[in-house]
Q: 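Okay, here's the structure, questions in a sec.
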Amino acid sequence: MKESERIDIKPLARVEGNGGIKVEISDNRITNVEVQILEGPRLFETLVIGKTPEENLSLVPRICAICNLSHKYASLRALEKALDLEIPEATDAFRHLMHHGEIIESHSLHIYFLALPDFFGYDNAVEMAKEHGDLVTGALQMKAFGNKIMKLIGGRMIHGENPILGGFGRLPQREVLLSIQSEARELLGFAMNTVDTLEGLEIQEHMERDTQFLCCKPPHDGYDYYGDELITSDGKEHPAKDYKNVIQERVVSHSFAKRSTYNGRPFSVGALARVLLLGNRLKGEARKAYEKLYNERWHRNPLYNNHAQAIEQVFSLEGVIETVNQLLDMESPEIAEPRRSSGIGTGAVEAPRGTLIHHYEIKNGRTAYADYVTPTAMFLDDIEAFIRESGENLLSSRTTDNIELQFEMIARAYDPCISCSAHLVTVEYK
Amino acid sequence: MSERKKKTSAKPRLGVYGFTGCAGDQLLILHTEDQILNLFEAADIRSFVMASSNPVEENLDVAFVEGSISTEEEEEHIKEIRQRAQIVVALGNCAVSGGPQAMFARDGSFAKRLKDVYGDVEFITDPVEATPIDQVITVDYYLPGCPISQQQTMALIARLIHGAEPEDFLHPVCHECKLNENKCLLLEKKFCLGAVTAGGCGSACPNLGLPCVGCWGPNRDGNFEEQFRLLESFGISFEDVMQRVRNYGGHKILDYIGEIKSTNG
């Protein structure tokens, strides 16, 4: 490697959206690392001003296709608080089922199609299929299953209108729920095989460093993907509605996404954060998967986000089975009505990539203010910090072959959703 | 007996690109699990960055482009793609019409909204008001949708791969709604845009008893004036109808609603 050099990975492949990585090197030291967001701003928080809650719910999935239901879910939670709306238990259960579907869709897309090709030495999963045919066939089935649930409860795989304020447009019949449950059982075997596959991978250590983690605290004793409290790896808990005091955001010139810190330092959200903070709540096969895969290095190495996603894939398959059992015992829910037309609400969910927060101020049935804080915008600083650490170590040990791939694998492990992060930037002048 | 000559031709070179959007149309292609392996077999996919690393950026037979043009860099990039692609297909609402980010198209507020939001921060590339790709380059075929339909998309790709002309889909959502034997939501005075919205989604939302929000953009034959008057007769204000059709109407809707005024003068 030359003394003074610039590495430009542009575009960054096998991530959602348009991004790149720029690393500058001088005198064999890393002088600058930028994860560049190249997509343009769409200004979603300005698009919803003056809109009805129904229009918000239609628009927000368009922030990102892979986690489109997470955006709708976060908006539902925020709007239902703002409008003082209490949903029946069965509606809540259907939303959990819907969310498990999205976790399965998104994690399977990421693990098999976006991440694993690097570990096996391929450019893409289709080429990987030649030597790993069973893996890719199973992967397609798993992803198709996640999509099936999203279509069934969401209305379409991508940007469905079915989840509405207070309930759903149309809900599946008993026979369909039973067939979904049956398919989840069939896929558990492949999900556990995936756990074994990941266990066998060699995980590089050149980027390892301490960092912080954050996720939603479920409002019960189990593992889950939502909550009104945020927990952090320093042992603290914060109400989600105080998110602006917890997560400090700032603008940077090399991306149309804000950057975030907690206590002045970068942090991570996502499957790895969730398993580290909530993993001891896991049960069943997911618990076995956790005990098989978890090790000390998880606290310092983002590549284990892939492993954490594999555990969550198992958890969500079991979650589908369990939630269907609950639903079979419940009456079909009515649509709940709002009790007021003005109010403020914050909704936090765990999108596949991490904590997602939607916040609204509704005045007389119209949106006066909206704020969306996406997981990718939260962890971009941490990606840069890990890439910097990796670069420093690889340079000083002079093992710089394929250094770009090492940086890419770090960024990919986070499963970044660049469209989510580029939705808006706000500048506040004090 | 004549010998049948085996037809040999190189696999068509395809590229799939994403500009500013949610990546839903590219994702939809990747989510067509029963066809994705066939697609990679039948065509030589030279660049599809969302799915594959090490793209090769050379001459292409067909370039599929998702997303609106929202930065100066994207403007340069789409022109570059046009130069080396025989055929360019606009994929999805953002590329066809500008997407939800273009809902305030041409109303003169972009510069102000940008300044309100960003202030005077300098970015690595300047943002521009979101436009569909045909404001920058010529487009050969349009696949509307938010997202696109698997059926329509695979049909178009198959036609192009075999050197045939893709088929246009002229019907509004209403047409598909009737084929699905849905009860018409307009009869229930619901705020449904199906009559003036491009079909192809299979009336996905009315199938659930929910009104069409117009996310595929305008249908060419739509009687917009009549649709406005009908919705206003339900007690919906002119401003609310205008707002609703513009949510996903982008630039294209302006060709259809430009002349429509409120009945209140």
Q: Could you pull out the closest heavy-atom pair between Cys146(B) and Arg156(A), with the gap in Å?
A: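 In terms of heavy atoms, the two residues are closest at O-NH2, 3.1 Å.
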
Q: Go through the atoms of Glu129(B) and report whether side chain, backbone, both or neither lie under 4.5 Å from a heavy atom of chain A.
A: neither

Q: Could you tell me which of Gly67(B), Cys215(B), Ala130(B), Pro211(B) has the largest number of non-hydrogen atom pairs under 4.5 Å with chain A?
A: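 Looking at each option in turn, the highest pair count goes to Cys215(B).
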
Q: Less than 4.5 Å apart, side chain to side chain, heavy atoms only: is that true for His159(A) and Cys22(B)?
A: yes

Q: Can you tell me how far apart CE (Met50(B)) and CG (Asn124(A)) are? Round to the nearest 0.5 Å.
A: 13.5 Å

Q: Among Glu105(A), Met157(A), Glu16(A), find the residue that satisfies the side chain to side chain contact (heavy atoms under 4.5 Å, CB included) test when tested with Leu27(B).
A: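 So, applying the side chain to side chain contact (heavy atoms under 4.5 Å, CB included) to Leu27(B) and each of Glu105(A), Met157(A), Glu16(A), only Glu105(A) qualifies.
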
Q: Counting heavy-atom pairs under 4.5 Å to chain B, which of Glu408(A), Gln36(A), Arg366(A) comes out on top?
A: Arg366(A)

Q: Give a yes or no on whether Asp34(B) atom CG has more than 12 heavy-atom contacts from other residues, nucleotides or ligands under 6.0 Å away.
A: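 Correct, the count exceeds 12.
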
Q: Just checking Gln151(B): does its CD atom have more than 12 heavy atoms from other residues, nucleotides or ligands closer to it than 6.0 angstrom?
A: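 Incorrect, the count does not exceed 12.
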
Q: Heavy-atom count check: over 12 atoms from other residues, nucleotides or ligands less than 6.0 Å from Glu188(B) CD?
A: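 It does: Glu188(B) CD has more than 12 such atoms within range.
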
Q: Counting only non-hydrogen atoms closer than 4.5 Å, does Leu12(A) touch chain B with its backbone (N, CA, C, O), its side chain (CB onward), both, or neither?
A: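 Only the backbone of Leu12(A) comes within 4.5 Å of chain B.
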
Q: For the NZ atom on Lys22(A), are there more than 12 heavy atoms of other groups (residues, nucleotides or ligands in this structure) within a distance under 6.0 Å?
A: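 Result for NZ/Lys22(A): enclosed.
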
Q: Search all heavy atoms of Ile158(A) against all heavy atoms of Pro147(B) and return the closest pair with its distance.
A: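 Distance-wise, the nearest heavy atoms are O-CD, 3.3 Å.
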
Q: Atom OH in Tyr17(B), atom CG in Asn18(A): separation rounded to 0.5 Å?
A: 12.0 Å

Q: Please check this pair: side chain of Lys143(A) against backbone of Leu30(B), looking for a donor-acceptor N/O pair closer than 3.5 Å.
A: yes

Q: Do the side chains of Tyr248(B) and Arg62(A) get nearer than 4.5 Å, heavy atoms only?
A: yes

Q: To the nearest 0.5 Å, tell me how far Lys51(A) NZ sits from Met103(B) CE.
A: 3.5 Å

Q: How far apart are the closest heavy atoms of Ser53(B) and Arg14(A), and which atoms are they?
A: OG-NH2, 3.0 Å

Q: Given that the side chain runs from C-beta out, which part of Ala51(B) has a heavy atom under 4.5 Å from chain A: side chain, backbone, both or neither?
A: backbone

Q: Evaluate whether atom CD of Glu58(B) has more than 12 neighbouring non-hydrogen atoms of other residues, nucleotides or ligands under 6.0 angstrom away.
A: yes

Q: Checking heavy atoms, do the side chain of Leu47(A), its backbone, both or neither come under 4.5 Å from chain B?
A: both

Q: Minimum heavy-atom separation for Glu161(A) and Cys205(B), please, with both atom names.
A: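 Nearest pair, atom of Glu161(A) first, then Cys205(B): CG-SG, 3.3 Å.
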
Q: Quick check: under 4.5 Å, non-hydrogen atoms only, which of residues 68-78 of chain B neighbour chain A?
A: Ser70(B), Thr71(B), Glu73(B), Glu74(B)

Q: Counting only heavy atoms closer than 4.5 Å, note whether Asn162(A) contacts chain B via side chain, backbone, both or neither.
A: both

Q: Glu54(A) versus chain B, heavy atoms under 4.5 Å apart: side chain, backbone, both or neither?
A: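 Interface part for Glu54(A): neither.
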
Q: I need the residue from Glu33(B), Gln26(B), Gln101(B) with the largest number of non-hydrogen atom pairs under 4.5 Å to chain A.
A: Glu33(B)

Q: Closest heavy-atom contact between Leu208(B) and Gly155(A)?
A: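 Closest pair (atom of Leu208(B), atom of Gly155(A), distance): CD1-CA, 3.7 Å.
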
Q: Compare every heavy atom of Gly21(B) with every heavy atom of Glu39(A), then report the nearest pair and how far apart it is.
A: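 Closest approach of Glu39(A) to Gly21(B): OE1-O, 3.3 Å.
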
Q: May I ask you to test the Ile45(B)-Val126(A) pair for a side-chain heavy-atom distance under 4.5 Å?
A: no

Q: How about Glu41(B): does its CD atom have over 12 heavy atoms from other parts shown lying under 6.0 Å from it?
A: no

Q: Answer yes or no: is there a donor N or O on one side and an acceptor on the other, between the side chain of Arg42(A) and the main chain of Thr20(B), under 3.5 Å?
A: no

Q: When you look at CD of Glu239(B), are more than 12 heavy atoms from neighbouring residues, nucleotides or ligands closer to it than 6.0 Å?
A: yes

